[in-house]
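One structure is given here, and the rest of the page talks about it.
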Amino acid sequence: MPSYNPADVERRWQQFWETNKTFRTPDPGDPGTAGKPKYYVLDMFPYPSGAGLHVGHPEGYTATDILARFKRMRGFHVLHPMGWDAYGLPAEQYAVKTNTHPRITTQQNITTFRRQIKALGFSYDWDREVDTTDPGYFKWTQWIFLTIYDTWYDPVAGKGRPISELPIPDDVRGQGEDAVRRYRDAHRLAYQAEVPVNWCPEMGTVLANEEVIDGRSEVGGFPVERRPLRQWLMRITAYADRLLDDLDPLDWPESIKLMQRNWIGKSEGAEVHFPVAHETEDHTVSHTITVFTTRPDTLYGATYMVLSPEHPLVDRITTAEHRDAVRAYQAAAARKSDFERTEVAKTKTGVFTGAYAVNPMNEARIPIWTADYVLASYGTGAIMAVPGHDERDYAFAHEYGLPIETVVRPAGDGPWDPDARPGPFCDDGVSVNSGPLSGLPTADARREITVLLESRGLGHRRVNYKLRDWLFSRQRYWGEPFPVLHGPGGEVVPLPPAELPLVPPDLEDFKPTGTPEGPLSKATDWVNTTRGGQPYRRETNTMPQWAGSCWYFLRYIDPRNDAAFADPAKLRHWLPVDLYVGGAEHAVLHLLYARFWHKVLFDRGYLPCPEPFQRLVNQGMILGETELTAYQKDGKWVSAGEVKEADKELASEGQSALRAVRVSEEQVEKKGQAFVLKEDPAVRVEARAHKMSKSRGNVVNPDDIITEYGADSLRLYEMFMGPLEAVKPWSTKSVEGVYRFLGRAWRLIVDDGEELKPHPAMTDAVPDRDTLRVLHKTIRKVGEDTDHLRFNTAIAAMMEFVNHVTKLEARPRAVLEPFVLLLAPYAPHAAEELWRALGHRDTLAYEPWPAFDPALARDDEIEVPVQVNGKLKARLKVPAEIDDQALEAAALADEAVMAAVGGKPVKMVKVVPRKLVNVVVAG
RNA sequence: GGCCAAGUGGCGGAAUGGCAGACGCACUCGACUCAAAAUCGAGCGCCCCAAAGGCGUGUGGGUUCGAGUCCCACCUUGGCCACCA
């Protein structure tokens, strides 16, 4: 074996691991598991796209692999699996274009992904690989759907229970079986309802709220419109409180917890009933407008009301003379896309209905308007407007000249002129002009008014959530079919578990129908079926992509079980996941849905714990290499600071008078904080790393890096770039740095000859004290840093070790063997080969982690800095065990220190034991 | 607009309130070589010819014997949410 040749080494060890099933994970109770603590380390499994692996994938996968290998060496029973989230739109769109069955492209993509992932040498147990499109897998996705369908949420018990245990009220029972069925259906956690949904005409499907961003589809960016359609929904709102409360103890990034909390959007307040004044034409009917408010204490300041244009009362209360204007406004609002409706900074619009409501507390007559700044989908779709204490109401009142009243003033006794202030006062304070509330602090006023409203039947306490029920059906081909039938009377009949999996029909044409009927409706033979001689139809919608990813981590635990989604004893052993690593883009989608399913399955007794992922870490995105960009307009340079962001985008696409010019490092110099052009130092140049994208041409393909430097170098580099969570730019030059490090480590141990054998400088002699100290400090540092996912500093410590040993004449085997074990989780192929060169026959994957000896790591002599008035003046070499008095004496005796003190009186001497001395002198 | 992060050499980054810049890249010099590459060694924050010295962690203030680290305000960048009553 000559010099370090990663391609050779890596191929050989990947083969070794595969043929020996080195990383096969024994089931709990199998030989070798006794007494071992478990550790479940999970990656977010990839969608196998046609583009192949991206350098972002190995980032998280390497981090988890290092931990999996580390934990094995520390004696843990480790579960570390991989699989494919293989349902998805790209495969279906490709199928539509080329008329290839999505199953074929999906399998091709999986093959590519598997090859690429295996080339990185991850220690997955490939016997546990799962594929969400495999009937053996989605059988259980469908089974879980049926379980959720079979569940209702019992608010008293605070948990999901079998639908058979749902109490049926007598009056419902009295109306017959159909009524009982409808009653049950209305309580199921999976239910059908006609709701305004996000319909995306371009994609021919509906989308979940979570999949719509600024009124456009998250995938593809197509416009989305609101349409009332009958769809399947999941009652995730029933679990809102538990999803919120159970976040607290989780070891997750605070930012992700916050995003979930905001998404759930719990607000506490009150519902208040406002009677409509009887001045409409229809004097015989009395109407009540119910509003939700988080500030019931401002009730006396309500000067008008607003109904959303879709509110059913708008038509009923509008007076004849305002009817045309209101109708026109409603029509205009309906035409607007969500994007237009929620556009910021636009002025608010609305029209008066002609009707008045009565403030239930002070009998004030206030006008009722309709305006699209009030959303039909939140609260009751109606508000009481308090322009004195709400930004939006203030803006609207200002626009339409509606009265503004002050009913809260800032706390404290200071002077207070409500007319002097520029806008509404929205903070908590003290109630004024509010009848019985006057003088009460906001918190008390809130409580007081709620009690008053409840006692008079005018309203009640109320908790509201932004979270909506989860729209669960899609009009697509490439997804799990719903395992239900629709009977002749429109009733839903779940398939018996024995009939699962329900495999989708083979289709010639995968195109969306363009209507809410899914593509499956084209397979009439499949759709139409009979039961007991009666005609039944299969559901033609399919499940969203999230379905398969909601529970894949459960299937890894028992992937080939045909009798259950997983064996309960195995679930008890492995759950919860100890570490879950993936991108932050799943903060509210996958991570919220998976938690919801988990809780339902927990409630129904199928899972041992209420939360799936104990610890979550987001790896930061890897950007392309930093680019220097100068801007030109009409042939003249423009400073980067003067260019607007929007123009930059256009310029980089070549669609503007502005031109973006890539410049080289030689053309620029640093001036203060900024880079400027050498030829014209007045021109600032932009230095920025961008997201990798095909159009920008800055995508790095992991295959190329592996060919050039090997998988170990790629792994090591991605971990050395910086903290795992940080966003960081790629630099191929820096890959060479870690490649060189591996080469140095290699040459330290391996003889430069034909055969693989130890370097002639290798010695069995006892290492010197200093070298032992370096080793043990490295063992401590690498162990602690690996445990805390601080891989960059762990690698730096290993580099320092190699730098130290390189300087030695003789290389003691006694420190090199432990070093190879430290390296093993990071660069496993090279480490295995070095382990063999050191004379070992078997894999090092289960070798015990080197033991740390604090006595050997201890310094004999330390260097202590001495400051005078906080400024460094000297460094003292002193024995490590020096006490404070001796250290202080040594400091004060030092020449440089005495010179700095200059005979002035010493006010105090601060001694930090063994760390530092600070001499404080006057003046 | 709101909320949350983060601003440290030419670059990526390191630093339980205690020697700022570990480790690596780039660069410079030296050794080896006919030469180059590879490798090995040395240097490398800024000012100053150099030394002595001074200045240095986005800006301004504060707390502290001592601040990159804690607090306040501002600036910049990134992320998330975006009329949720």
Side-chain angles (χ1 to χ4, degrees), chain A residues 3 213-214 253-256 258-259 262-263 265-267 269 291-295 298 306 341-346 348 371-375 377-386 389-393 395-396 464-468 584-585 587-588 620-621 623 625-626 641 665 668-670 672-673 675 687-689 716-717 720-723 725-738 740-741 743-744 747 790 792-800 803 806-807 863-875 907-912 915-921:
Chain A
S3 56
I213 294 165
D214 291 337
E254 274 311 313
S255 58
I256 300 290
L258 191 68
M259 280 161 75
N262 289 343
W263 190 262
K266 180 177 185 170
S267 30
V291 302
F292 173 71
T293 174
T294 54
R295 290 293 301 272
T298 62
V306 186
R341 259 183 89 153
T342 57
E343 214 175 353
V344 255
K346 72 162 197 191
K348 294 187 172 23
D372 67 3
Y373 82 90
V374 172
L375 308 174
S377 55
Y378 183 78
T380 61
I383 62 159
M384 65 176 202
V386 185
H389 307 286
D390 182 277
E391 296 280 356
R392 297 146 302 182
D393 297 343
F396 191 80
N464 233 313
Y465 301 90
K466 282 202 260 182
L467 186 69
R468 301 272 76 106
E585 68 273 19
V588 286
M621 203 193 318
L623 306 175
E625 300 228 14
T626 303
E665 277 177 59
V668 301
E669 59 188 351
K670 185 102 180 182
Q673 296 276 309
F675 286 99
R688 217 153 110 176
L716 222 36
Y717 170 63
F720 188 59
M721 290 174 89
E725 301 88 338
V727 177
K728 36 208 178 267
W730 179 267
S731 158
T732 299
K733 269 283 180 210
S734 294
V735 181
E736 276 190 50
V738 294
R740 282 203 279 262
F741 158 69
R744 279 157 68 82
R747 287 188 298 276
R790 295 187 298 244
N792 54 334
T793 49
I795 294 167
M798 288 191 271
M799 287 172 167
E800 285 183 81
N803 291 345
T806 302
K807 292 193 182 85
E863 209 178 60
V864 177
V866 183
Q867 301 175 333
V868 175
N869 284 348
K871 282 191 189 279
L872 181 72
K873 291 297 172 187
R875 295 192 173 97
K907 287 212 291 201
M908 72 170 286
V909 181
K910 180 79 185 178
V911 179
V912 182
K915 271 279 159 87
L916 170 134
V917 180
N918 189 13
V919 181
V920 185
V921 300

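B:C23 and B:G12 make up a base pair, with Watson-Crick or G-U wobble contacts both under 3.5 Å. Across the strands present, B:U64 finds no partner; the criterion is a Watson-Crick or G-U wobble pair with both atom distances under 3.5 angstrom. Across all strands shown, B:C81 forms a Watson-Crick or G-U wobble pair, both distances under 3.5 Å, with B:G1. Pair assignment for B:A6 gives B:U76, based on Watson-Crick or G-U wobble hydrogen-bonding distances that are each under 3.5 Å. Pairing for B:C55 goes to B:G45, judged as Watson-Crick or G-U wobble with the two contacts each under 3.5 Å. Nucleotide B:C32 forms no Watson-Crick or G-U wobble pair with any nucleotide shown, as no partner meets the under 3.5 Å limit on both distances. Figure legend. B:A38 is base-paired to no nucleotide; pairs are counted as Watson-Crick or G-U wobble with both atom distances under 3.5 Å.
Under 4.0 angstrom from either OP1 or OP2 of B:A38 there lies no side-chain N or O belonging to A:R740. In this model, the phosphate group of B:A14 is approached by a side-chain N or O of A:N792 to a distance below 4.0 Å at OP1 or OP2. Within the 4.0 Å cut-off from OP1 or OP2 of B:C40, at least one side-chain nitrogen or oxygen of A:R744 is found. Contact annotation: A:R790 side-chain N/O to B:A14 OP1/OP2 distance is not under 4.0 Å. Distances shorter than 4.0 Å separate none of the side-chain N or O atoms of A:N262 from OP1 or OP2 on B:G2.
Among the nucleotides B:C83, B:U16, B:C23, the one closest to any side-chain atom of A:E800 is B:C23. You'll find that the side chain of A:L872 is closest to B:C19, out of B:C19, B:C55, B:C83. Listed candidates were B:A85, B:G12, B:G24. Nearest to the side chain of A:M799 is B:G24. When distances are taken from the side chain of A:K807 to each of B:A42, B:C40, B:C23, the shortest belongs to B:A42. Here the side chain of A:P865 is nearest to one of B:C19, B:G18, B:G24, namely B:C19. Closest to the side chain of A:V374, out of B:C4, B:A85, B:G24, is B:A85. Nearest to the side-chain atoms of A:K871 among the listed nucleotides B:C83, B:C55, B:C19 stands B:C55. Listed candidates were B:G54, B:C80, B:C3. Nearest to the side chain of A:M259 is B:C80. The side chain of A:K348 sits closest to B:C83 out of B:G18, B:C25, B:C83. Proximity note for A:D372 (side chain, C-beta onward) versus B:U16, B:C83, B:A42: the nearest is B:C83.
Using a 4.0 Å heavy-atom cutoff across all strands shown, A:I383 reaches at least one base atom of the nucleic acid. Here A:N918 lies in heavy-atom contact (under 4.0 Å) with a base. The residue A:V920 sits close only to the backbone: its heavy atoms come under 4.0 Å of sugar-phosphate atoms, none of a base. Among the atoms of the strands shown, none is found under 4.0 Å from any heavy atom of A:S731. Within the nucleic acid shown, A:Q867 comes within 4.0 Å of at least one base atom, counting heavy atoms only. Residue contacts shown for A:E863 include a base, since a base heavy atom lies under 4.0 Å away. Using a 4.0 Å heavy-atom distance criterion, A:S267 is classed as a sugar-phosphate-only contact. Across all strands shown, A:N464 has no heavy atoms under 4.0 Å from either base or sugar-phosphate atoms. Residue A:K466 is in base contact, counting any heavy-atom pair closer than 4.0 Å across all strands shown.
Note: CZ (A:R688) to C1' (B:U76) measures 12 Å, nearest angstrom. Atom-to-atom, NE2 of A:H389 to P of B:C83 comes out at 23 Å; the value is rounded to the nearest Å. Distance CE (A:M721) to P (B:C25): 15 Å, rounded to an integer number of Å. Across the protein-nucleic acid pair, A:K733 atom NZ and B:C11 atom C1' stand 13 Å apart, rounded to whole Å. The CG atom of A:L375 sits 7 Å away from the C1' atom of B:C83 (whole-angstrom rounding). If you measure from atom CZ of A:F720 to atom C1' of B:G12, you get 8 Å, rounded to the nearest angstrom. Straight-line distance from the NZ atom of A:K910 to the C1' atom of B:U64: 10 Å, rounded to whole Å. Distance A:I795 CD1 to B:C23 C1': 10 Å, rounded to the nearest Å.
A distance of 12.5 Å separates CE of A:M721 from CG of A:L716, quoted to the nearest 0.5 Å. Taking OG of A:S377 as the reference point, atom NZ of A:K466 lies at 11.0 Å (rounded to 0.5 Å). Note that the CZ atom of A:F292 and the CG atom of A:N464 stand 4.0 Å from one another [nearest 0.5 Å]. Here the CE-CZ distance, from A:M799 to A:R740, works out to 10.0 Å after rounding to the nearest 0.5 Å. Residue A:D372 holds its CG atom at 9.5 Å from NZ of A:K348, rounded to the nearest 0.5 Å. Note that the OG1 atom of A:T298 and the CE atom of A:M384 stand 3.5 Å from one another [nearest 0.5 Å].
Each of A:A796 and A:G737 lies near RNA chain B, and the nucleotide nearest A:A796 is the one positioned closer to the 5' end. The nearest heavy atom of RNA chain B to A:T294 and to A:V738 marks one nucleotide each, and the one closer to the 5' end goes with A:V738.
Ring-plane geometry between A:F396 and A:Y373 is classed as tilted, the angle between the planes lying from 30 to 60 degrees on a 0 to 90 degree scale.
Nucleotides B:G79 and B:C47 have their C1' atoms positioned 38 Å apart, rounded to a whole Å. B:U64 and B:C70 are spaced 10 Å apart, taking the C1' atom of each and rounding to whole Å. B:G21 and B:U69: their C1' atoms are spaced 15 Å apart (whole Å). Taking atom P in both B:U57 and B:A20, the straight-line distance is 12 Å, to the nearest Å. The separation of B:A14 from B:C83, taken at their P atoms, amounts to 37 Å, rounded to a whole angstrom. Atom C1' of B:A6 sits at a distance of 11 Å from the matching atom of B:G58, rounded to the whole Å. The separation of B:G24 from B:G41, taken at their P atoms, amounts to 11 Å, rounded to a whole angstrom. B:G18 sits 46 Å from B:A37 when the C1' atoms are compared, rounded to a whole Å.
Closest non-hydrogen pair, A:V588 versus A:M259, comes out as CG1-O, 3.6 Å. Nearest heavy atom pair, residue A:L872 against residue A:P865, reads CD1-CB, 3.6 Å. The two residues A:Y465 and A:Y378 have their closest heavy-atom pair at O-CE1, 3.6 Å.
Shown here, B:G54 is classed anti by the O4'-C1'-N9-C4 or O4'-C1'-N1-C2 angle, which is more than 90° from 0.
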